[in-house]
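Since the structure comes first, as structure tokens, the remarks are kept for the end.
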Amino acid sequence: MPLTHSLPRSFPPRKTQPSRRPASGRYFGPSPLLLSGRGKMWNFQSLLDASGVTLEGGGARRGEGRPSRTELKPCSLQPQIGILCPVCDAQVDLPMGGVKALTIDHLAVNDVMLESLRGEGQGLVCDLCSDREVEKRCQTCKANLCHFCCQAHRRQKKTTYHTMVDLKDLKAYSRTGKPILCPAHPAEELRLFCELCDQPVCRDCVVGEHREHPYDFTSNVIHKHGDSVRELLKDTQPHVEALEEALAQIKGTNSALQERVEAVAADVRTFSEGYIKAIEEHRDKLLKQLEDIRVQKENSLQLQKAQLEQLLADMRTGVEFTQHLLTSGSDLEILITKGVVVERLTKLNQVEYSVHPGVNNKICFFPQGKAGLCRGYEVYGTISTKEVDPTKCVLQGEDLHRAREKQPATFTLLCKDAAGDSMGRGGDNIQVAVVPKDKKDSPVRTMVHDNKDGTYYISYTPKEAGVYTVWVCIKEQHVQGSPFTVTVRKRHRPHPGVFHCCTLCSSGGQKTAHCACGGTMPGGYLGCGHGHKGHPGCPPWSCCGKFTEKSECMWTGGQGAPRSLLRTVAL
């Protein structure tokens with residue numbers, strides 16, 4: 001919406017009585033540099049500063065210093081400039097006449113007057129003397145008068161019968177009834193409307209600048225122009241309602257969004273708190289398990305220690321007694337005690353004991369190990385005291401000792417501990433090497449996939465046929481069965497065709513096709529039909545008798561090749 005100049009050039013309306021500042025210092029008279037918007041008063045200079053526009057010498061430039069009020073020359077502005085509305089931020093082009101040419105917002109003038117009246121009239125001065133504060137208002141002249149001027153107003157013959165109203169009685173009025181004067185002729189009231197220029201004019205205007213322009217009284221043309229404004233307002237109102245509805249929907253969506261965010265945040269907090277409690281509980285379980293392992297291992301070590309200490313004491317006693325007997329005893333004493341000493345030392349020498357600790361310090365924590373559910377949450381982290389034993393590990397798979405060139409060969413490594421039990425977890429360092437015997441400097445690339453359950457899936461693709469050596473090591477120690485050799489054959493021969501036992505069907509109706517059973521059909525066909533003893537049924541059979549998908553063709557052909565009732569040979 002365009003900005004409007006809030007007040008007329010001269011206020012109060014009397015040409016001979018311009019506005020002045022009262023003795024109190026408060027100024028309620030309007031300034032020509034005030035703009036209005038939605039009941040607010042704005043200083044035009046501040047809008048110019050905010051817009052970065054300066055006015056100098058009738059021209060306008062942006063970004064140059066702030067001019068003084070006396071430098072503002074709104075006439076014939078070149079080029080035309082724009083300012084931002086302080087209410088809606090819309091850019092409004094300043095008319096050629098400058099600030100004073102902006103449309104006057106008389107509603108704002110009325111609001112300012114009413115606000116001043118509601119404030120006990122403080123700051124309002126008499127329109128006649130301009131020295132005393134206002135006490136009454138002449139409803140006929142629309143002038144604010146002090147007590148002295150009011151009495152003088154009534155003494156004059158022309159104004160004796162004018163209606164005078166106390167200032168306090170005007171506070172309930174919605175309009176002050178102030179006349180609107182012509183900006184070009186301040187002594188004349190705007191009562192006419194120029195149809196050509198589409199603006200209100202006074203009597204002096206129609207005989208001067210608007211001479212020969214069609215005009216009429218404002219009361220006669222208000223219906224036509226008012227109806228056009230109402231029609232435009234009618235067209236605008238649906239947009240207002242649509243925008244209000246859209247804003248209401250946005251507000252509702254925003255409220256729903258906030259509620260949803262709060263609900264999800266509560267779910268996140270609940271989940272996190274539960275997860276934290278589950279992790280803390282799992283942590284306590286792991287620490288207790290670790291403490292139990294420590295106690296168990298320490299008890300085993302203490303028991304082994306006590307047994308070894310007792311055995312050592314017994315042996316030391318037997319050795320010391322025997323040494324003392326041999327060094328200090330007589331021949332007869334040695335012979336008498338010999339039987340007891342020999343029996344004791346023999347028993348001590350037969351006692352079995354281990355020079356290695358019965359337990360080890362192998363305790364491992366696996367953060368990625370699945371530990372099951374705790375409080376309904378999947379938790380990770382396991383403690384294991386098992387240690388893989390390469391000599392107990394097992395290699396499994398059909399491709400351990402045979403493979404095809406340029407085709408993947410796979411086998412599985414099953415890791416076990418010293419007791420032969422599956423490790424049940426992954427994480428071991430597996431080293432695999434596949435090297436051709438005649439090209440040891442060209443190893444084949446291998447891949448090891450940890451299944452996280454103690455098994456490892458190993459694959460490689462040999463590029464050439466030949467004999468290969470395969471090493472599988474854990475902790476730089478060969479597993480059981482490693483190293484081993486693999487014979488890589490050339491790629492298998494594809495079947496020349498897939499046939500049914502019926503030569504008519506399998507050969508596509510060729511008369512010269514022979515059947516392995518030796519049977520023939522009428523019409524000169526050398527092969528047999530369905531229904532004979534060797535008919536294998538519905539599944540298709542290859543030329544060599546195999547029907548497994550991608551199996552190698554074993555038929556060598558030739559007259560001396562063995563035949564079977566389950567094989568059809570194509571000539």
Side-chain angles (χ1 to χ4, degrees), residues 254-308 354 356-396 410 412-432 447-459 472-477 479-480:
N254 186 47
S255 300
L257 174 63
Q258 295 298 330
E259 294 177 359
R260 186 57 186 162
V261 168
E262 293 176 0
V264 174
D267 294 340
V268 171
R269 294 188 188 96
T270 302
F271 172 81
S272 302
E273 292 172 359
Y275 207 172
I276 291 173
K277 291 181 180 178
I279 293 175
E280 290 176 347
E281 182 176 332
H282 182 56
R283 175 201 62 193
D284 296 339
K285 289 181 180 179
L286 290 176
L287 295 178
K288 185 178 183 302
Q289 179 184 356
L290 184 62
E291 180 64 19
D292 294 340
I293 293 173
R294 183 191 66 81
V295 171
Q296 180 183 0
K297 287 181 175 290
E298 284 187 352
N299 290 340
S300 298
L301 290 174
Q302 291 297 330
L303 178 60
Q304 184 180 9
K305 177 184 175 182
Q307 292 175 348
L308 292 179
S354 175
H356 302 289
V359 296
N360 53 39
N361 61 349
K362 299 296 183 181
I363 304 175
C364 299
F365 175 67
F366 298 94
Q368 303 300 327
K370 291 185 178 181
L373 296 178
C374 182
R375 291 178 173 263
Y377 297 90
E378 183 74 28
V379 293
Y380 295 84
T382 58
I383 293 177
S384 176
T385 57
K386 290 184 177 181
E387 185 179 9
V388 63
D389 186 352
T391 61
K392 300 291 184 178
C393 296
V394 178
L395 295 172
Q396 300 174 343
T410 61
T412 303
L413 171 64
L414 177 59
C415 291
K416 298 183 178 182
D417 59 8
D421 298 327
S422 175
M423 294 297 295
R425 49 86 180 165
D428 294 306
N429 185 18
I430 310 297
Q431 300 95 29
V432 180
M447 297 185 64
V448 180
H449 177 71
D450 190 350
N451 296 322
K452 307 295 183 181
D453 59 356
T455 61
Y456 298 85
Y457 184 80
I458 303 170
S459 63
V472 181
C473 300
I474 301 178
K475 298 179 181 179
E476 299 181 356
Q477 182 179 352
V479 300
Q480 182 181 358

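In this chain, numbering begins with 1 at the start of the sequence shown.
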Self-check item: CD (Gln368) with more than 12 external heavy atoms under 6.0 Å
Solution: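 Count not over threshold, so no.
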Quiz item: About how many Å separate CG of Leu303 and CG of Leu308, when rounded to the nearest 0.5 Å?
Solution: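 Here the interatomic distance stands at 9.5 Å.
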Quiz item: Got a second to check how far Cys415's SG is from Asp421's CG, nearest 0.5 Å?
Solution: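 Taking SG in Cys415 and CG in Asp421, the distance rounds to 13.5 Å.
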Identify the heavy atoms of [X] and [Y] that sit nearest to each other, and give their distance.
{"X": "Ala278", "Y": "Cys374", "value": "CB-O, 3.3 Å"}
{"X": "Ser459", "Y": "Thr410", "value": "CB-CG2, 3.7 Å"}
{"X": "Lys297", "Y": "Val359", "value": "O-CG2, 3.7 Å"}
{"X": "Asp453", "Y": "Ser422", "value": "O-OG, 4.0 Å"}
{"X": "His282", "Y": "Ala371", "value": "CE1-CB, 3.3 Å"}
{"X": "Gln477", "Y": "Pro390", "value": "OE1-CG, 3.7 Å"}

Exercise. Only pairs at least two apart or in different chains count here, so list each side chain to side chain donor-acceptor pair (under 3.5 Å) that has a residue in residues 377-393.
Key: Glu387-Lys475, Asp389-Thr391
Contacts table for residues 260-272: side-chain donor-acceptor under 3.5 angstrom, sequence neighbours left out:
| unit_1 | atom_1 | unit_2 | atom_2 | d |
| --- | --- | --- | --- | --- |
| Thr270 | OG1 | Ala266 | O | 2.8 |
| Ser272 | OG | Val268 | O | 2.7 |

Quiz item: Between Thr455, Val432, Val448, Ile474, which is the residue that forms a side-chain contact (heavy atoms from CB on, under 4.5 Å) with Leu413?
Solution: Ile474
Exercise. Apply the side-chain contact (heavy atoms from CB on, under 4.5 Å) test between Tyr456 and each candidate in Leu414, Thr412, Asp428; give the one that qualifies.
Key: Asp428
Exercise. List the steps and the verdict of salt bridge (Lys or Arg N to Asp or Glu O under 4.0 Å) for Asp292 and Lys288.
Key: CA-CA 6 Å; Asp292 294 340; Lys288 185 178 183 302; 3.3 Å; yes
Exercise. Apply salt bridge (Lys or Arg N to Asp or Glu O under 4.0 Å) to the pair Arg294 and Glu291, showing each step before the final yes or no.
Key: CA-CA 5 Å; Arg294 183 191 66 81; Glu291 180 64 19; 2.2 Å; yes
Practice problem: Would you check if the side chain of Glu476 reaches a backbone N or O of Gln431 as a donor-acceptor pair within less than 3.5 Å? | Solution: no
Quiz item: Going by an N to O cut-off under 4.0 Å, is there a salt bridge joining Glu281 and Lys285?
Solution: yes
Quiz item: Would you call Leu286 and Gln289 a side-chain contact if the rule is heavy atoms closer than 4.5 Å?
Solution: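 Yes, at least one pair of side-chain atoms sits under 4.5 Å.
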Exercise. Using the test salt bridge (Lys or Arg N to Asp or Glu O under 4.0 Å), find all partners of Arg283 that sit at least two apart in sequence or belong to another chain.
Key: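 By the salt bridge (Lys or Arg N to Asp or Glu O under 4.0 Å) rule, Arg283 matches no residue at all.
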